[in-house]
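Worksheet: the structure to be examined is printed underneath.
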Amino acid sequence: MEKEIVLSGIRPTGFLHLGNYFGALRNYVRMQDAFNCYFFVADWHSLTTHPDTTELRNSVLRVIAENIACGLDPDKVALYIQSDVPEIAELYLYLNMLAYKGELEKTVTFKEKLRRQPDNANAGLLTYPVLQAADILIHRAVKVPVGKDQEQHLEMARNFAERFNYRYGNVLPLPHAFNYGDNLVKIMSLDGSGKMSKSENQLATLYLADDGDSIRKKIMKAKTDQGPSEPNGVKPDYIENLFTLMSLVSAPGTVQKFEDDFNASSAGNCIIRYGDMKKQLAEDMAAFIQPIREKAADIQNNKLLLDRIIRQGADKARASASETLKLVRSAIGIKYM
Ligand code: TYM
């Protein structure tokens, strides 16, 4: 049986963090044997918000290195850079004719980015979800491992594919956001203010390149409170986030102990010690990140290896992309001889 096709991408807009790992990369690694996988660095997308390209090359190479350090095998998957695959740009052009100004203006990420960069309301920002749909549809991928923040983009990709199929014939399968658990993941910033992100609030973000000391400092400063006011209470989201992080890197028995302490606590009888919990989390997190950080640094220094991986990735990605583009062109009727 043919393996299902999987695709996902990461923008090279800064250092990768735990949100990227647990929302995306961890699933990439788990999927690489059972699926036919395409993973890429979305350098074109980064130009919509980061027009200064001084750091671009470093960031692109680091994202490739970090993907491998997290466990991706570039001989099993196609690991490539978006701009190495011009076929994506052509599909983006066709899909732009099927995307409407009104729906693009309503996209949550567009509105957010506009708020952050009111002086750079460029058309690339508006059509960001169209380019993302082209990334996915160019390989006819059906599963897209992403974090919760990408859900709306996936819904839009399905809409564009459906419109294409309706107008020109059934060429593009409908892609869906994917996570091994029931829900897509959202890792919050350690200060409790929204999602962890590459370029904001760096002191409350845990990066895969952080050393043990910075990890400890950041976790010890994470937001907590005076403890639950009643037994088996509901956790505020910043406390829930610490438990989520702990369940990702600590032994199950450790998480259970703090869960039990939380549930047994009430006002005037606080059993859970957030200070102890953070100390334990910091140690387990430092131990988890260290090998990734070291491996990524080694790979990043090995330019020959990176060069080979990037060329090989581009070749695999272009082979698949040009097949799809042939079908797309012929479905549209762009085939004159
Ligand atoms: P990007 O670069 O912002 O993030 C890369 C991946 O990490 C996930 N992620 C998170 N997951 C959980 N908690 C968080 N705090 C968190 N922060 C980031 C994202 O959901 C994503 O899976 N538009 C995409 C890049 C892209 C793409 C694509 C993705 C371009 N084309 C095609 C999939 C398919 C983005 O900005 O991801």
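Keep in mind that what you see is a predicted model, and the values were worked out from it rather than measured. Counting starts at 1 for both ligands and their atoms, in listed order.
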I'd like the atom pairs linking ligand 1 to the protein - N or O on both sides, separation under 3.5 Å - with distances to 0.1 Å.
from, atom 1, to, atom 2, distance (Å)
ligand 1, 2 (O), Arg11, N, 2.9
ligand 1, 2 (O), Lys198, NZ, 2.6
ligand 1, 3 (O), Arg11, NH2, 3.0
ligand 1, 4 (O), Asn20, ND2, 3.3
ligand 1, 7 (O), Asn20, ND2, 3.1
ligand 1, 11 (N), Gly19, O, 3.1
ligand 1, 13 (N), Ile187, N, 2.8
ligand 1, 15 (N), Ile187, O, 2.8
ligand 1, 15 (N), Met196, N, 3.4
ligand 1, 15 (N), Met196, O, 3.0
ligand 1, 20 (O), Gly147, N, 2.7
ligand 1, 20 (O), Asp149, OD1, 2.5
ligand 1, 22 (O), Gly147, N, 3.3
ligand 1, 23 (N), Tyr128, OH, 2.7
ligand 1, 23 (N), Gln132, OE1, 2.8
ligand 1, 23 (N), Gln150, OE1, 3.0
ligand 1, 31 (N), Asp135, OD2, 2.7
ligand 1, 36 (O), Arg11, NE, 2.7
ligand 1, 36 (O), Arg11, NH2, 3.4
ligand 1, 36 (O), Tyr128, OH, 2.9

Salt-bridge test for Lys186 and Glu151: reply yes if a basic N is under 4.0 Å from a carboxylate O, no otherwise.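 Salt bridge between Lys186 and Glu151, a charged N being under 4.0 Å from a carboxylate O: no.
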Check: Ile10 main-chain N/O paired with Asn20 side-chain donor or acceptor under 3.5 Å: no
Answer with yes or no whether the side chains of [Y] and [X] bring together a donor and an acceptor at under 3.5 Å.
| X | Y | result |
| --- | --- | --- |
| Asp260 | Gln256 | yes |
| Gln312 | Asp75 | yes |
| Ser46 | Asp43 | no |
| Thr109 | Tyr128 | no |

